[in-house]
Each structure stands twice: as structure tokens, then as C-alpha cells.
Amino acid sequence: MREIRVRFAPSPTGPLHIGGARSALFNWLMARRYGGKFIVRIEDTDLERSSKESEKNILSSLRWLGLDWDEGVDVGGPNGPYRQTERLPLYERYARQLLESGWAYPCYCTEEELTAQRQAQLAAGEMVRYAGRCRSLTPQERVRLEREGRRPALRFKVPEDRVITVRDRVRGEVSFDCAGMGDFIIVKSDGIPTYNFAVVVDDHLMGITHVVRAEEHLSNTPRQVLLYEALGWEVPEFAHISLILGKDRAKMSKRHGATSIDQYRERGYLPEALVNFLALLGWSPGTEEEVLTVEQLKAQFSLERVTKSPAVFDLEKLNWLNGYYIRHSPVERIAELALPYLRRAGYAPGEEKLRLVVAVARNYVEYLAQIPQYVDVFFNDPGYDDPEAREVLAQEQVPRVLGALRDKLAGTGEVADAAAAKELLKKLPKDLGLGGKKVYLPLRVALTGKTKGPELHDLLPVLGKEGTLARLAKAEAAIGITD
RNA sequence: GGCCCCAUGGUCAAGUGGACUAAGACACCGCCCUUUCACGGCGGUAACCCGGGUUCGAAUCCCGGUGGGGUCACCA
């Protein structure tokens, strides 16, 4: 079997989008699953909108997700260059071939003329397409138009009597009637190739065997097939994956919230969670497994199991999955990843405290940026200004309870870990002859100033014996015990 | 509007003519654990868009409708 060669070909006009990331992922998984090659090519023929920053951002997001490429921009390879603006001579050569073989012709229509025509067609309820004005210009007419200073674009001559059938790996056979297509531009008047032309040249030259891309490209595919045929090239396999939709079922865009990978990265989503989630958007393993490692994905992915219907991006599920990964990864790693968020919030824990704090706080979050809001109790002494908290502290048994814990603490060494803390706290209610609620809630409030928060046995080891004692004293002062 | 794609719970989805009284996950609800919140465990509510065919039998095949989406650039 021939080696599978797939590619991701973003245009650098913005950050890597959720949808783009999924296309990249599917291609990458294909390559990894079947031992093929994954290529990254930059489609920067839109000179106006393309930028180097976007390219950098996209590549950095891909790397962060763990998608590495075998050939392409930055890493090189035998089929370079991998940036379309650096491949202009190549397109020129094949454009000339098309011109000479009669498949293409120069078009002198101006943008204004074209726009007027389009609007007239739209208004008349006709099909919008190029009417073919320049198709049969005589050489003399061409010379005349050139003399007027018009720079021609190059159009592809679409045979009107054909029906193009695209074989698609996820959609089956899809047919398009050429009659409604209209001659399309393959090289702009500034000499830059258009997307439809450049993809074909590049995919062919780079030996791409499978074009896996979003469904929005499906309607362009027949044009590309025509080009392959005119150039005498073998048509690759296509697989058009369905779009990712926002909550309102329209194609996902900025108004649906965070749509770029870097935004998720900044909020503290883990790359493996995003990869896992994205893989499940439009593909399913066919088993009951939902949490899948990259290794499992690489072993199981196949186009046969890609869904046809579009998928709504469900942030709730991503959050759940990300929380799952945060809770199940080694604490050390999560601690390291959480540190910048804590620093930004003004906390400066040492290594040991960081680990302890994160070990507890990670049970409460969906993404790392939420961590700071759960660590307050570990770093700041309680203020007791919450009305609910004051109410609890006002209960009559509270002085006895606080005293009891202090006595217990006095009788032991450092509170080493949660188990030790549990041991310490366990007998308190019985000793005092009180129900658990009357004991633990006041303790919680005394130590944290809040009625909600981490388990007491998680809290004590972090505060340490001295810290706990100090807070008990503060609570006693707050309720007016002077001893 | 033309062309094209799609159609199973709120969401992601399994299902490829009989095993469907339709799996699993997220979300939601309840219970348990925890005398807090979350985590975790257990359970529950909830779906084959409609109408015609084909067939002994249709979520599954065909046709039509409806709905949603994509696309119609010298953008990609």
C-alpha cells in the first residue's frame, strides 16, 4: 500500500481556530495511525490578510497540542518550500501549461464590472457566475485591452457539459453540474494564484494522498478536480469533515465565545484534554470509552468512524473532560502548570506549599485559571466578615470546640498529612459530646472564615500546626475570648 | 435564491434490515459518601423530524416534504 501523506494547510490570517485544530488533529491522527506523513503548509496567498504573527501563533498552537509534522514550514522537507508565497514560480509554470493547452485564458474584466454583473444576476434571481465575457477574445482584442493598461487575471475554462463526481471518504459520491459553475480565476491579476489553483498544485507536488478538511471546502472540490484533470494529475482521496457549530447551530465564530486554541491554553486547559475532546467531535471510537489518551487515539482513529452530521461545540463537556485530566494527572505537573496563575493572583508559594495547595484545589476546578479562587484560605488569614460565618461563630459551643482542637494540637507533633489530620479530628465530636456539625462547621469557619471550602483534613496539613494554632487564636479574639 | 451537505434525548454520539422495550458520555434531577462545597459511587428524566413507499420486518433502504447548515470573490 502506498504511504499515506496528509496535510494541514492553514492560511495565516488569525490564530488557530477550534475547527482548524480539529482538521489538523484528524490529519495528524491519520498519519500516525497508518505510519504516514503529516505535512504543514502555509497558504498565505491572501497578501492582505496574512501575517507572520498568525503563522507563528498557529504553529505554536499546533506544537502545544502535541501535533508534530514530518515535513513543512519550520522543519523543511524534500517538497519545499512550504509557504505558498515562496512557491510562485511553480504556480507560474503550471499556469502557463494550462494557458498553452487551452484550459485557461486571460480575463480583463475589472472588479467593478464583475461586481456589477454579479449584482445584476443576484437581482434577477439568476445563478451567480462568470458569464464568460473574455473567454473568446480575439488576439487583437487582447492587445487592445492590454494597451488600455489592464492587467489580466487567468481564468479556467470550465466545460459546461460535464458533471463532476467527487468521491468522498465520509460523504460517499457527491455530484456537481459544471453548467452552473462559471469560469473561475486561477491566477489573480497581480500574479498570485488563488486558493483553488494553489492547493491543487501543492497537493500534487507534495504527494498528498488524502485531503482531509472541513466541509466548507466541499463545494470547491469539483473545481479542483477539474484542475487535476486538466493538468493530467491523479486526483487524491477527499474526506470532508462536518463543521463545528456554536450553540445556535451556526458555524462557530468569535461571537460564540472563545474559538481559538490559544484562548483555551491561556485559561489553563490541558492539551491532552483539548485533543481528546476535539477527537470526539465528529469521530467516535465505537466503544464506550470517552477518556482517551493520545496513544489510544493514534491507535484507533479511522475515517470510517467519522460522523457526517455537524457537531455543536459543548463547552460543558470540554470543562468536564479538562477537570478530569487536571485531577488525574500527576500533582507535580499540575502544580507547575498552576503556578503562573497563582503568581498572577499575587500568591508566591514555595515548592512544597504549592504542591499541597494544588493537590487540594485541583479537585474544584475545570481549568487552571480557576485555581486562585480556591486557594485564598491557604494563604490569607480569615477576616470573619461573612454574615453567615459570624452567625456560626456566635453559637454557644464554639469556645469549647476551638479550645478542644487547640488542646489536641498541643499534644501532638506536626500534622504531617491528611491521614494524621483525620485522626486528630475524628474523636473531637465524641469528646465534646456534640454532633459533627456543631464541631466541624465552627472549626471550618474559625480556620477559613468561610462556610464552604476544602475538607478540614486537607486544610490542616497545609496550615501546619503553628498556622492552625494562630488562626484558632484569631478566631477566639474575634469572638471575644481573651484567655 | 441556485448548488451541495446534514437530520437518534438539551449536547456529543452508538446503531450499517430482525439481538432496539434504542448503548455510553456531558448537562440536569434524586440518593449515597462527606455533618460544607466539589470529587467519587448509585439511580432517574429524556431521542429515532414528518409523510409516503420497499420488506414478513425499518432508527437503519428509496422518494417527497420540512428543518438546520455550508457555499456561491481577483478570501482561504
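The figures here come from the full heavy-atom set of this structure, side chains too, leaving out hydrogens, waters and symmetry mates. Every chain is numbered from 1 and lettered A, B, ... according to where its sequence line falls, protein lines coming before strand lines.
Between the CZ atom of A/Phe378 and the C1' atom of B/rC37 there is a distance of 13 Å, rounded to whole Å.
Across all strands shown, B/rU11 pairs with B/rA25; the Watson-Crick or G-U wobble distances both stay below 3.5 Å. Across all strands shown, B/rG40 forms a Watson-Crick or G-U wobble pair with B/rC32, both key distances being under 3.5 Å. With both pairing distances under 3.5 Å, B/rA73 is matched to nothing as a Watson-Crick or G-U wobble pair. Checking B/rA19 for Watson-Crick or G-U wobble geometry (two distances, each under 3.5 Å) identifies no partner in any strand.
At the heavy-atom level, A/Ser242 lies nowhere under 4.0 Å from the strands shown. Contact annotation for A/Glu48: no contact, since no heavy-atom pair falls under 4.0 Å across all strands. Using a 4.0 Å heavy-atom distance criterion, A/Gly182 is classed as making no nucleic acid contact. The residue A/Tyr374 sits apart from the nucleic acid: no heavy atom pair falls under 4.0 Å. Across all strands shown, A/Arg444 has heavy atoms under 4.0 Å from base atoms, whether or not it also approaches the sugar-phosphate.
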Mark up nucleotides 59-76 of chain B, 5' to 3', with B wherever a protein heavy atom is under 4.0 angstrom from a base atom, S wherever such an atom reaches only the sugar-phosphate, and - elsewhere.
---------SSSSSSBBB
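Relative ring orientation between A/Phe277 and A/Phe313 is described as perpendicular, the plane-to-plane angle rising above 60° on a 0-90° scale split at 30° and 60°.
The A/Lys452 side chain lies nearest to B/rC37 when the options are B/rC37, B/rC6, B/rC12.
In terms of position along RNA chain B, the nucleotide closest to A/Glu366 lies nearer the 5' end than the nucleotide closest to the other residue of the pair A/Glu366 and A/Gly453.
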